[in-house]
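Chain letters run A, B, ... following the sequence lines, proteins first and then strands; every chain starts at 1.
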2 protein chains.
Amino acid sequence: MEARRARARPGDGARLREEILRNAEQLLVETGDEGAITLRSVAQRTRVTTPSVYLHFSGKEALIEAVCLRVWDELGNRIREAVGRVTDPLIALGECGRAYVHFALDHPVQYRLLMMRPSASTEASKACFGHMVNAVTACVESGVLQGNPDTLALTMWTAVHGCAALLITQPALPWPDDVNEIIDATVRMVGFGAALNTHLPRRRVPRSAELLDGVTAAAERLKALGRKK
Amino acid sequence: MEARRARARPGDGARLREEILRNAEQLLVETGDEGAITLRSVAQRTRVTTPSVYLHFSGKEALIEAVCLRVWDELGNRIREAVGRVTDPLIALGECGRAYVHFALDHPVQYRLLMMRPSASTEASKACFGHMVNAVTACVESGVLQGNPDTLALTMWTAVHGCAALLITQPALPWPDDVNEIIDATVRMVGFGAALNTHLPRRRVPRSAELLDGVTAAAERLKALGRKK
DNA sequence: GCCCCTATGTTGACGTCGTTAAGTTGACAG
DNA sequence: CTGTCAACTTAACGACGTCAACATAGGGGC
């Protein structure tokens, strides 16, 4: 057997917990495969026997859940920072979406683990969702969006999540050479669409010709405003 | 040992293949857990010994891949049907999105299996994607959308996929009581947003006040058109 | 200084999983 | 009737998650 890890002092056992968590995430990133997280592999990398993991996690599921919690935290921080950097509420919301997708693409394996698991950690995801609701609420208060902030935020989150998820899980699709092209298109589509949608009556879906007419009106108005500036 | 399955006649061995596939998907649906698909459990349900599965599938991965293929096919059919029922290209595109999300919600476990797997079946997903590109192409030809149909379809697919995915994997979020509310919001947001986005110059993101102004112009124009009709 | 007690691990084992190699059986061609 | 070959079975291996039982170090009470 190889060099063993020095035993922790009483009261200091939680250090092993941290080390196990770190090694589990490292293993996940290095192999790119969730299946590579094995109690045995994690234990070996921590230079500890397999059952020792049970001293700090009730089982494999709990270990993975703990890994997810860390990632949710990072994601939440990243979103909060992005929103905080801008004052205009609509632009802040866009930055929120961009930060979200970029985080997912920077940590594809972790993101998959987060979102694709059967029993995802609900508390952490709700906290993360809260940051988006804040960004949306600012837009509602400024008048650019109307309606229930929760529902609005959900609708917009689904879109950016889908963008990140498909980019990660379906790389074979005909994506443009520059990923930012898709991200920008998504963020703009979400912003424009949500705004237009909330200011329209709910009753009926416009036909192609009608929507085209309304949209060109909006486009010309926006172009005119841009020139004036 | 329990009653064994009658041995197939020579040349007729592929029947077992079908039965295995059916049982695997049944197992998946009944338990709601991908992990419940075990070579042993599938074999037992088919009243066959475990290694017999290897006569028709090169391993567990291939079996699951085959299950996915079937689901991709069903999804593709459902989309094609939905698009075919309507003539107006924009409304057809909307129906495409609605059919997509409803299929996902009707087969949540299968949908998760499809989209969340590390190595998703690329050929089948591309075929499915083709149906959406067709619906988008019709919109481009009618002028309501502008740009590359592939990129447009991708942007819009990501949004509806995200809607389906989050509804399935994050049921704890504050969804509205009626799911159709979110689906409608997403479909409308995608349609409006994509249209407005493609008719706008790419250079810069409008600020809240500007977008609000343009959007109200579009809304009033659309309302006026609705009255005239 | 000694002892014992608890936190901190380890040993060994069980059952299940995917996978493989080798043996068996039964329907059909000749 | 007989041999052949597709269609299955038997038996086994290593890796996995999990658990019960055992070992050991370090610190507090006397």
Novice: Return the value, rounded to whole Å, for the distance between atom CG of A:D12 and atom C1' of C:dT6.
Specialist: 15 Å
Novice: Given atom CZ of B:R15 and atom P of C:dA27, what is their separation to the nearest angstrom?
Specialist: 13 Å
Novice: Tell me what A:R9 touches on the nucleic acid: a base, only sugar-phosphate, or nothing, going by heavy atoms under 4.0 Å.
Specialist: sugar-phosphate
Novice: In whole angstrom, give the distance that lies between atom CZ of A:R7 and atom C1' of D:dA25.
Specialist: 5 Å
Novice: CZ of B:R5 versus C1' of C:dG26: gap in Å, rounded?
Specialist: 15 Å
Novice: Find the distance B:L63:CG to C:dT19:P and express it as a whole number of Å.
Specialist: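 Atom-to-atom, B:L63 to C:dT19, this comes out as 10 Å.
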Novice: Using only modelled atom types and a 3.5 angstrom limit, is any donor from either the side chain of B:R40 or the base of C:dT16 paired with an acceptor on the other?
Specialist: no
Novice: Within the structure provided, determine whether B:I168 and B:R112 are in side-chain contact (heavy-atom separation under 4.5 Å).
Specialist: yes
Novice: Short of 4.0 Å, heavy atom to strand atom, which residues of residues 52-60 of chain B count as contacting DNA chain C?
Specialist: B:Y54, B:G59, B:K60
Novice: In whole angstroms, how far is the P atom of C:dC17 from the CD1 atom of B:I37?
Specialist: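 Rounded to whole Å, this separation is 13 Å.
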Novice: B:I20 has an atom CD1; how far is it from atom P of D:dA7, in whole Å?
Specialist: 12 Å
Novice: OP1 or OP2 of D:dC16 less than 4.0 angstrom from a side-chain nitrogen or oxygen of A:T38, does that happen here?
Specialist: yes
Novice: How about B:H131 and B:N77: does a side-chain donor come under 3.5 Å of a side-chain acceptor?
Specialist: no
Novice: Are A:T49 and A:S52 close enough that a side-chain donor and a side-chain acceptor fall under 3.5 Å?
Specialist: yes
Novice: Enumerate the salt bridge (charged side-chain N to carboxylate O under 4.0 Å, His left out) contacts for residues 28-46 of chain B, please, sequence neighbours excluded, ordered by first and then second residue.
Specialist: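 Residue pairs with at least one partner in residues 28-46 of chain B: B:E30-B:R45.
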Novice: Any heavy-atom pair between the side chains of B:R78 and B:D106 that's under 4.5 Å?
Specialist: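 Yes, their side chains come closer than 4.5 Å.
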Novice: Taking the minimum atom-to-atom distance to the side chain of B:T50, which one of C:dA7, C:dT19, D:dG17 wins?
Specialist: C:dT19
Novice: Hey, which of these two, B:L39 or B:A8, hits DNA chain C nearer its 5' end, going by closest nucleotide?
Specialist: B:L39
Novice: Working to the nearest 0.5 Å, report the span between CE of B:M132 and OH of B:Y100.
Specialist: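 Going from the CE atom of B:M132 to the OH atom of B:Y100 covers 5.0 Å.
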Novice: Calculate the interatomic distance between A:Q44 atom CD and D:dA15 atom P; express it in whole Å.
Specialist: 11 Å
Novice: Is A:H161 close to A:Y111 at the side-chain level, that is, under 4.5 Å between some pair of heavy atoms?
Specialist: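 Yes, at least one pair of side-chain atoms sits under 4.5 Å.
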